[in-house]
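First the proteins, then the strands, lettered A, B, ... as listed; each starts at 1.
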There are 2 protein chains.
Amino acid sequence: MAKKKTSIKDIAEALGVSITTVSFILNGKAREKRISDEMTGKVQDYIKKIGYKPSHIAQSLRLGKSKIIVFMVEDISNQFFASIARLIEEKAYKNGYKIIYCSTENDTIKTKELISTFKMRNVDGFIITPTPGLEHVVRKLLEEDFAVVLFDRWIPDVDCSYVVVENKLSAKEATQHLIHQGCKNLGFVTVDSSQTQMNDRMDGFLEALIGTEAKSAILKVKFHTISEQEASRKILEFFSSHPELDGVFFSTNYLAFEGLHALIKLGKKIPEQIRLVSFDDHYFFNLFQPPITAIEQPIEEIAENLMDLMLKQLEHGEVQNNKIILPNKLNLRESSVYK
Amino acid sequence: MAKKKTSIKDIAEALGVSITTVSFILNGKAREKRISDEMTGKVQDYIKKIGYKPSHIAQSLRLGKSKIIVFMVEDISNQFFASIARLIEEKAYKNGYKIIYCSTENDTIKTKELISTFKMRNVDGFIITPTPGLEHVVRKLLEEDFAVVLFDRWIPDVDCSYVVVENKLSAKEATQHLIHQGCKNLGFVTVDSSQTQMNDRMDGFLEALIGTEAKSAILKVKFHTISEQEASRKILEFFSSHPELDGVFFSTNYLAFEGLHALIKLGKKIPEQIRLVSFDDHYFFNLFQPPITAIEQPIEEIAENLMDLMLKQLEHGEVQNNKIILPNKLNLRESSVYK
DNA sequence: TTGAAAGCGCTACCAT
DNA sequence: ATGGTAGCGCTTTCAA
């Protein structure tokens with residue numbers, strides 16, 4: 001029951017040396033401070049024996065750094081974010097950092113509150129999928145010398161490091177692919193919000209149409225959480241009222257899932273009657289019959305780059321505006337191919 | 001650029017009062033300490049004005065509590081765990097706690113290391129999906145007065161709070177359902193490890209067979225990460241070499257996904273030739289054609305109970321062995337129903 | 001009704 | 001080569 005926390009002081013006393021000496025040895029400065037090997041060995045042995053671990057809290061207070069990075073995403077239970085979380089976590093731990101996470105739910109107020117809470121916790125860095133209207137807060141964070149890296153989307157007019165993917169280009173390519181497959185009436189289903197990545201995807205879609213005879217219909221749905229009733233109904237309605245559509249582009253996978261539901265309900269044959277493409281590949285797109293063509297974001301590289309930028313800022317403090325834009329991969333599958 | 005951290009001292013100076021006074025007011029002890037309303041108001045106004053937030057690090061050091069809970073699961077990118085993470089997070093934040101997470105990868109060594117790291121961070125509580133061989137560590141955690149709640153599985157012989165579901169009962173019911181549908185040769189696909197929840201599911205399966213004419217074939221695969229080649233091959237092999245199977249129970253959803261892959265490859269008709277049931281319902285099971293029958297765990301209640309137990313231990317310190325076992329829901333869908 | 005000061009565990013400057 | 005000690009920001013006891 002008694003939780004006797006051994007402190008550096010206890011060690012010093014037990015060994016009859018000073019706190020300073022122990023601290024230096026603990027921090028690998030034995031050589032530098034020219035402490036005798038004998039002493040060093042003695043202290044290290046003792047430390048190992050009693051399994052002493054220094055208190056990070058005290059270190060944090062002293063150093064003004066917490067070695068904690070916050071990972072703020074729209075929704076941590078979303079597969080895409082969860083996968084990145086997993087990879088980031090690994091890299092962070094390897095470098096002695098811990099990750100705290102939270103879901104912003106795309107709610108600017110909530111996000112602001114969270115950021116403020118984290119500030120008082122002395123977190124060292126922020127990895128954020130910014131919500132609309134966060135410019136000011138992010139700018140302030142930067143001014144106050146926090147390490148910040150945005151991802152998935154970025155904030156126009158704020159000079160902050162980010163890692164995103166080639167949304168526009170990939171969307172354009174995928175749309176062109178549909179056109180090459182003979183689609184004449186294209187649908188585009190996206191979320192009703194001004195997140196940059198979604199805008200870019202739509203731009204890509206529209207750009208692909210220029211100079212072609214293909215017609216288009218666009219649906220924007222409010223989408224907060226997965227399986228939201230409202231969105232589901234809207235999508236069904238959209239397809240019912242647009243029987244002419246012979247090709248559809250979903251700007252993200254959860255919309256595609258709802259779309260599939262709707263199309264199944266309407267008895268549409270994929271790809272014979274309607275061909276599909278979605279952004280954000282997913283394990284199930286490959287499992288579904290027919291398998292769904294999708295644009296795959298390079299999860300590993302995103303995570304890799306995020307932590308690279310983060311660590312660089314954290315350790316060196318200089319790099320502030322690294323913009324990284326990664327290419328995606330279009331995975332062609334049966335859902336989009338003309339039979 | 002300059003990050004001028006306002007401290008309680010600055011406030012005291014600016015207002016010409018003592019640190020103590022400010023601290024009392026900050027902690028809502030103004031009344032108790034009989035500080036004049038005038039003073040209280042003055043301080044509060046100033047605090048609001050400059051947007052001061054106390055340093056949690058310093059508080060932690062002083063109080064010996066960090067208000068941080070660790071959420072250690074097998075794999076945070078797994079949908080089931082990610083969903084629970086999301087819900088827990090919410091409850092934690094509401095109560096002033098933060099969540100740090102990490103993936104154990106079911107690796108006992110890694111888990112032990114992580115726990116040791118967290119101890120030195122003074123985290124207050126642990127929510128853990130225990131790996132095999134963690135008895136000792138958990139017991140020690142309890143002895144040292146940390147708040148601990150296990151979930152998904154528990155550890156036999158350790159008197160620790162946990163939240164799990166009725167694995168055996170639900171598995172039994174689902175198996176009986178298959179038998180009622182006329183299955184005579186049942187397959188059971190599970191992971192090759194001695195996690196209690198998996199054992200219970202298998203027990204339920206076997207119990208359902210007692211006294212019936214149904215025969216069974218069991219496959220145990222090592223499964224670390226999703227989409228692992230090896231597991232995929234094993235499952236395909238299993239189905240090829242057991243053409244007699246007319247019903248299969250998957251002990252968890254990712255095995256079912258691999259199983260579906262295999263069955264599609266083998267051209268088996270579901271449910272005409274083979275009927276399926278899986279543990280752990282998933283969004284995709286409903287979307288798949290035919291929709292897959294699955295046992296749904298009560299995610300919300302699990303999260304709810306986890307945090308309840310955690311907070312109770314954290315705030316009162318007494319409750320140590322609350323065992324909560326929640327019922328599941330069998331979602332009948334086409335994959336298991338005789339046509 | 002308010003303030004001084006000890007001390008949580010640690011790092012690092014300055015002595016010796 | 002080793003030690004004394006200030007101080008990070010806060011809470012809380014004791015004193016005034």
Side-chain angles (χ1 to χ4, degrees), chain A residues 3-44 46-47 50-68 96 119-124, chain B residues 3-44 46-47 50-68 96 119-124:
Chain A
K3 193 159 96 200
K4 34 185 251 178
K5 302 232 57 160
T6 33
S7 78
I8 199 170
K9 197 173 148 197
D10 301 323
I11 297 177
E13 266 170 20
L15 259 43
V17 297
S18 89
I19 290 183
T20 315
T21 311
V22 180
S23 175
F24 282 148
I25 294 173
L26 239 24
N27 294 305
K29 295 189 180 167
R31 272 263 123 74
E32 184 187 326
K33 297 293 176 181
R34 299 195 271 175
I35 288 169
S36 69
D37 287 357
E38 185 197 3
M39 173 100 279
T40 307
K42 198 170 79 177
V43 173
Q44 278 172 341
Y46 185 74
I47 284 170
I50 64 164
Y52 165 79
K53 303 271 179 188
S55 152
H56 266 229
I57 301 270
Q59 286 178 328
S60 298
L61 181 59
R62 183 62 238 245
L63 278 339
K65 311 220 154 278
S66 62
K67 289 268 178 181
I68 289 187
K119 275 187 182 177
M120 84 185 177
R121 287 225 167 229
N122 270 38
V123 303
D124 297 339
Chain B
K3 193 159 98 201
K4 36 184 247 179
K5 302 233 55 164
T6 35
S7 77
I8 199 170
K9 195 174 151 195
D10 300 322
I11 297 177
E13 266 168 20
L15 259 44
V17 297
S18 88
I19 290 182
T20 316
T21 311
V22 180
S23 175
F24 283 148
I25 295 173
L26 239 25
N27 294 306
K29 296 190 178 164
R31 272 263 123 73
E32 184 187 326
K33 297 292 175 182
R34 299 196 274 175
I35 288 169
S36 67
D37 287 356
E38 184 198 4
M39 174 100 278
T40 307
K42 197 170 77 180
V43 173
Q44 278 172 341
Y46 185 73
I47 284 169
I50 64 165
Y52 165 81
K53 303 271 179 186
S55 152
H56 266 228
I57 301 270
Q59 285 178 327
S60 297
L61 181 60
R62 183 62 237 242
L63 278 336
K65 311 224 155 277
S66 62
K67 288 267 177 181
I68 288 186
K119 275 188 184 178
M120 83 187 178
R121 286 226 167 227
N122 272 35
V123 303
D124 297 339

[N] [atom2] sits how many Å from [X] [atom1], rounded?
{"X": "A:Lys53", "N": "C:dC10", "atom1": "NZ", "atom2": "C1'", "result": "17 Å"}
{"X": "B:Ile8", "N": "D:dC8", "atom1": "CD1", "atom2": "P", "result": "14 Å"}
{"X": "B:Lys65", "N": "D:dC10", "atom1": "NZ", "atom2": "C1'", "result": "16 Å"}
{"X": "B:Ile57", "N": "D:dC8", "atom1": "CD1", "atom2": "C1'", "result": "11 Å"}
{"X": "A:Ile25", "N": "D:dG3", "atom1": "CD1", "atom2": "P", "result": "9 Å"}
{"X": "B:Lys29", "N": "C:dT2", "atom1": "NZ", "atom2": "P", "result": "17 Å"}
{"X": "A:Asn122", "N": "D:dG9", "atom1": "CG", "atom2": "P", "result": "9 Å"}
{"X": "A:Leu61", "N": "C:dC10", "atom1": "CG", "atom2": "P", "result": "12 Å"}

Exercise. Could you state the interatomic distance from CG (A:Asn27) to CD (A:Glu32), rounded to the nearest 0.5 Å?
Worked result: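 One finds 10.0 Å between CG of A:Asn27 and CD of A:Glu32.
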Exercise. If you measure from OG1 on B:Thr20 to CD1 on B:Ile25, what distance do you get to the nearest 0.5 Å?
Worked result: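 Answer rounded to 0.5 Å: 11.0 Å.
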For this session: Provide the closest heavy-atom pair for A:Gly64 versus A:Asn122 in the form atom of the first, atom of the second, distance.
Result: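 Heavy-atom minimum between the residues: O-ND2, 3.9 Å.
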For this session: Look at all strands and tell whether B:Leu26 reaches a base, only sugar-phosphate, or nothing, counting heavy atoms closer than 4.0 Å.
Result: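 The answer is nothing, as B:Leu26 stays clear of every strand by at least 4.0 Å.
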For this session: Indicate, with a heavy-atom threshold strictly under 4.0 Å, whether B:Ser7 touches base, sugar-phosphate, or nothing.
Result: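 The answer is sugar-phosphate, as B:Ser7 gets under 4.0 Å only of primed atoms, P, OP1 or OP2.
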Options [options], nucleotide nearest the side-chain atoms of [X]:
{"X": "B:Phe24", "options": "D:dC8, C:dC10, D:dT12", "answer": "D:dT12"}
{"X": "A:Ser18", "options": "D:dC10, C:dG9, D:dG3", "answer": "D:dG3"}
{"X": "B:Val17", "options": "C:dC10, D:dT2, C:dG3", "answer": "C:dG3"}

Exercise. Has the side chain of B:Thr20 got a donor or acceptor atom sitting under 3.5 Å from an opposite partner on the base of C:dA4?
Worked result: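 Such a pair exists between side chain and base.
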Exercise. Looking only at N and O atoms, is any donor in the side chain of A:Thr21 or the base of D:dG3 less than 3.5 Å from an acceptor on the other one?
Worked result: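 In this structure, the two groups form no donor-acceptor pair.
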Between [N] and [X], is there an OP1 or OP2 to side-chain N/O distance shorter than 4.0 Å?
{"X": "A:Lys9", "N": "C:dC10", "value": "no"}
{"X": "A:Tyr52", "N": "C:dC10", "value": "yes"}
{"X": "A:Ser36", "N": "D:dT2", "value": "yes"}

Exercise. Does the side chain of A:Ile8 come within less than 4.5 Å of A:Tyr52's, by heavy atoms?
Worked result: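 Side chain of A:Tyr52 against side chain of A:Ile8, heavy atoms only: contact under 4.5 Å found.
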Exercise. Are any non-hydrogen side-chain atoms of B:Ser7 and B:Asp10 less than 4.5 angstrom apart?
Worked result: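 Side-chain contact under 4.5 Å: yes.
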